[in-house]
Peer 1: 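After the structure tokens below, expect a handful of questions from me.
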Amino acid sequence: MPSDSLARPRIEYVIFDMDGLLIDTESVYTKVTNDILAPYGVQMTWEIKAGLMGKVQEEAAAHLLSFFPSIPLTAETYLAQRTIAQDRLWPTVRPLPGVSKLLAHLAKHKIPIAVATSSKRRNFLLKSANLHEEIFGYFGCGAGVERVVCGDDVAGKTTGKPDPYIFLFAARDKLERDVGEGEEGVRPEVVLERRKGLVFEDAIPGVEAGKRAGMSVVWVPDPNLVAMEYSGKHIPDQILKSIEEFRPEEWGLPPYE
């Protein structure tokens, strides 16, 4: 069960996932993938999609196609077709409910924030291009001090979520928090610093990564994901249907006016 609010640490910095959490990209991923699979008479179910979330794209493609070994579609061909179709749709994605309000609130109160996404940087630039004012300007995009970590920024250093590296990297390198590295032999003062961080995620691998990083995690899953049995080893600290439901004061943050 999620933790009781009385036991929650006082939060000093916040790290957000992006796809399906800040912006509504998951519908694009689903539509494009099923359009590619349709000629072969198969489709990506939510059970399959849940296993793709948080993975780097090459690993996700291999995992997807492992469910359809009889179709003549390679991961390389699938990714090439997907890139063409998605590139047409990324500039149309919109913020999810409550996101702009929360980001504006945290910025007003000077709470350090960062993005840690498995998305490639080229895709991040396409997705964020029309959303600087509503979302990504709060992360320094266009201002020269960008606080965004993309999957290819940490390539070769991590296998992707549920590995906690990307969250620790974002806290350390983008927010200048003394969170150290790794999961073993962490000094007590570093453990305390990690506990000051709050992660927002929509995917189970992201929840796992945030908890393994020693941070608290708010899980904001797609309703289709909630309908499935939770498969993570680590339990999120709070589960919300929407970021609109988030109450900052429950985490020691300034309340909404």
Side-chain angles (χ1 to χ4, degrees), residues 9-25 54 56 90-91 93-96 98-158 160-161 163-182 189-190 192-202 206 209-210 213-218 220 243 246 248 251-254 256-257:
R10 186 178 184 86
I11 295 304
E12 294 186 5
Y13 60 96
V14 184
I15 303 176
F16 295 88
D17 177 47
M18 181 178 70
D19 290 309
L21 188 282
L22 295 178
I23 54 179
D24 182 17
T25 51
V56 294
W90 290 146
V93 298
R94 300 298 303 152
L96 284 163
V99 168
S100 296
K101 177 183 176 181
L102 176 57
L103 296 180
H105 178 71
L106 295 175
K108 177 180 178 180
H109 292 280
K110 297 181 169 50
I111 306 298
I113 60 174
V115 169
T117 173
S118 300
S119 181
K120 286 186 174 291
R121 182 154 290 275
R122 69 170 298 277
N123 293 338
F124 164 73
L125 293 174
L126 288 170
K127 296 168 187 176
S128 65
N130 296 325
L131 295 172
H132 280 205
E133 182 176 351
E134 294 172 273
I135 295 182
F136 295 101
Y138 294 113
F139 298 99
C141 297
V145 191
E146 183 183 274
R147 297 180 300 280
V148 175
V149 181
C150 295
D152 38 357
D153 296 335
V154 293
K157 300 176 182 178
T158 175
K161 302 168 186 176
D163 182 82
Y165 184 89
I166 194 168
F167 287 127
L168 294 173
F169 181 88
R172 185 178 62 250
D173 286 48
K174 298 299 181 180
L175 301 180
E176 299 182 345
R177 312 297 298 204
D178 183 18
V179 295
E181 297 186 29
E189 62 270 26
V190 171
L192 291 175
E193 184 66 17
R194 292 183 181 189
R195 279 180 55 80
K196 297 174 183 176
L198 182 63
V199 168
F200 279 82
E201 264 286 354
D202 71 309
M215 301 172 187
S216 297
V217 178
V218 175
V220 192
I243 285 181
F246 182 68
W251 294 92
L253 294 165
Y256 287 127
E257 289 76 11

Peer 1: Among residues at least two apart in sequence or on other chains, which ones pass salt bridge (Lys or Arg N to Asp or Glu O under 4.0 Å) with E133?
Peer 2: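 Applying salt bridge (Lys or Arg N to Asp or Glu O under 4.0 Å) to E133 gives none.
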Peer 1: Could you check if a side-chain atom of V93 sits within less than 4.5 angstrom of a side-chain atom of L131, using non-hydrogen atoms only?
Peer 2: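 Sidechains of L131 and V93: in contact.
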Peer 1: Go through the structure and list residues passing side chain to side chain contact (heavy atoms under 4.5 Å, CB included) with I11, not counting sequence neighbours.
Peer 2: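 In terms of side chain to side chain contact (heavy atoms under 4.5 Å, CB included), with neighbours along the sequence ignored, I11 is linked to P9, V14, L198, W251, L253.
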Peer 1: Roughly how far, to the nearest 0.5 Å, is the CD atom of E201 from the CG atom of D17?
Peer 2: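 Reported to 0.5 Å precision, the distance equals 4.0 Å.
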Peer 1: Measuring from atom CD1 of I23 to atom CG of L96, what distance do you get when rounded to the nearest 0.5 angstrom?
Peer 2: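 Taking CD1 in I23 and CG in L96, the distance rounds to 8.0 Å.
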Peer 1: Taking only residues two or more places apart in sequence or in another chain, which ones pass side chain to side chain contact (heavy atoms under 4.5 Å, CB included) with A209?
Peer 2: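 Once residues adjacent in sequence are excluded, the partners of A209 under the side chain to side chain contact (heavy atoms under 4.5 Å, CB included) criterion are K161, F167.
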Peer 1: Can you sort out the partners of D163 under side chain to side chain contact (heavy atoms under 4.5 Å, CB included), two or more places apart, ordered by chain and number?
Peer 2: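 If we apply the side chain to side chain contact (heavy atoms under 4.5 Å, CB included) test to D163, skipping adjacent residues, the hits are T158, T159, Y165, R212.
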Peer 1: Looking at G210 and V199, what are the two nearest heavy atoms and their distance?
Peer 2: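 Taking G210 first and V199 second, the nearest heavy atoms are CA-CG2, 4.3 Å.
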Peer 1: Drop me the distance from E257's CD to H109's NE2, to the nearest 0.5 angstrom.
Peer 2: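 Rounded to the nearest 0.5 Å, the CD-NE2 separation comes to 4.0 Å.
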Peer 1: Look up atom CZ in R194 and atom OH in Y13, then write down how far apart they are to the nearest 0.5 Å.
Peer 2: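 Between atom CZ of R194 and atom OH of Y13 there are 8.5 Å.
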Peer 1: List the atom of G98, the atom of I243, and the distance in Å for their closest heavy-atom pair.
Peer 2: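 Distance-wise, the nearest heavy atoms are O-CG2, 3.6 Å.
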Peer 1: Does any pair with a residue in residues 145-155 pass salt bridge (charged side-chain N to carboxylate O under 4.0 Å, His left out), and if so which ones, sequence neighbours excluded?
Peer 2: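 Pairs touching residues 145-155 that pass the test: R121-E146, R121-D153.
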Peer 1: Which atom pair, heavy atoms only, marks the closest approach of Y256 to F246?
Peer 2: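 Reported closest heavy-atom pair: CE1-O, 3.7 Å.
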Peer 1: Side chains of residues 100-107: which donor-acceptor pairs under 3.5 Å do they make with residues two or more places apart or in other chains?
Peer 2:
unit_1: S100; atom_1: OG; unit_2: E134; atom_2: O; d: 3.0
unit_1: H105; atom_1: NE2; unit_2: P254; atom_2: O; d: 2.6

Peer 1: Just wondering, more than 12 heavy atoms not from R195 lying within 6.0 Å of its CZ?
Peer 2: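 It does not: R195 CZ has 12 such atoms or fewer within range.
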Peer 1: Identify, with sequence neighbours excluded, every residue that meets side chain to side chain contact (heavy atoms under 4.5 Å, CB included) alongside N130.
Peer 2: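 If we apply the side chain to side chain contact (heavy atoms under 4.5 Å, CB included) test to N130, skipping adjacent residues, the hits are P91.
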Peer 1: Are W90 and T25 side-chain neighbours, meaning at least one heavy-atom pair lies under 4.5 Å?
Peer 2: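 When only atoms from C-beta onward are counted, T25 and W90 do touch, with a gap below 4.5 Å.
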Peer 1: Please name all residues satisfying side-chain hydrogen bond (donor to acceptor under 3.5 Å, both in side chains) with S216, sequence neighbours left out, ordered by chain then number.
Peer 2: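 Listed in chain order: nothing, the list is empty.
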Peer 1: Would you mind writing out the side-chain donor-acceptor pairs for residues 173-180 within the sub-3.5 Å range, not counting sequence neighbours?
Peer 2:
unit_1: R177; atom_1: NE; unit_2: E193; atom_2: OE2; d: 2.6
unit_1: R177; atom_1: NH2; unit_2: E12; atom_2: OE1; d: 2.6
unit_1: R177; atom_1: NH2; unit_2: E193; atom_2: OE2; d: 2.9

Peer 1: Please list, chain by chain and in numerical order, all residues satisfying ring pair (Phe, Tyr, Trp, His ring centres under 6.0 Å) with F136, sequence neighbours excluded.
Peer 2: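 With sequence neighbours excluded, F136 shows a ring pair (Phe, Tyr, Trp, His ring centres under 6.0 Å) to F124, given in chain and number order.
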Peer 1: Under 4.0 Å between a Lys/Arg side-chain N and an Asp/Glu carboxylate O for K157 and E181?
Peer 2: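 Result for this pair is no, no salt bridge flagged.
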Peer 1: Where do F139 and L22 land on the side chain to side chain contact (heavy atoms under 4.5 Å, CB included) test, with the steps shown first?
Peer 2: CA-CA 12 Å; F139 298 99; L22 295 178; 4.2 Å; yes
Peer 1: So, using side-chain hydrogen bond (donor to acceptor under 3.5 Å, both in side chains) as the criterion, who are the partners of S119 when residues are at least two apart?
Peer 2: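 S119 satisfies side-chain hydrogen bond (donor to acceptor under 3.5 Å, both in side chains) with K127 only.
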Peer 1: The criterion is side-chain hydrogen bond (donor to acceptor under 3.5 Å, both in side chains); which residues satisfy it with H132, sequence neighbours excluded?
Peer 2: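 side-chain hydrogen bond (donor to acceptor under 3.5 Å, both in side chains) check on H132 returns nothing, list empty.
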Peer 1: Using every non-hydrogen atom in the two residues, find where L168 and A213 come nearest and quote the distance to one decimal.
Peer 2: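 Minimum heavy-atom separation between L168 and A213: CD2-O, 3.7 Å.
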Peer 1: Nearest 0.5 Å, please: how far is CG in D19 from CG in D202?
Peer 2: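 D202 atom CG to D19 atom CG measures 8.0 Å (nearest 0.5 Å).
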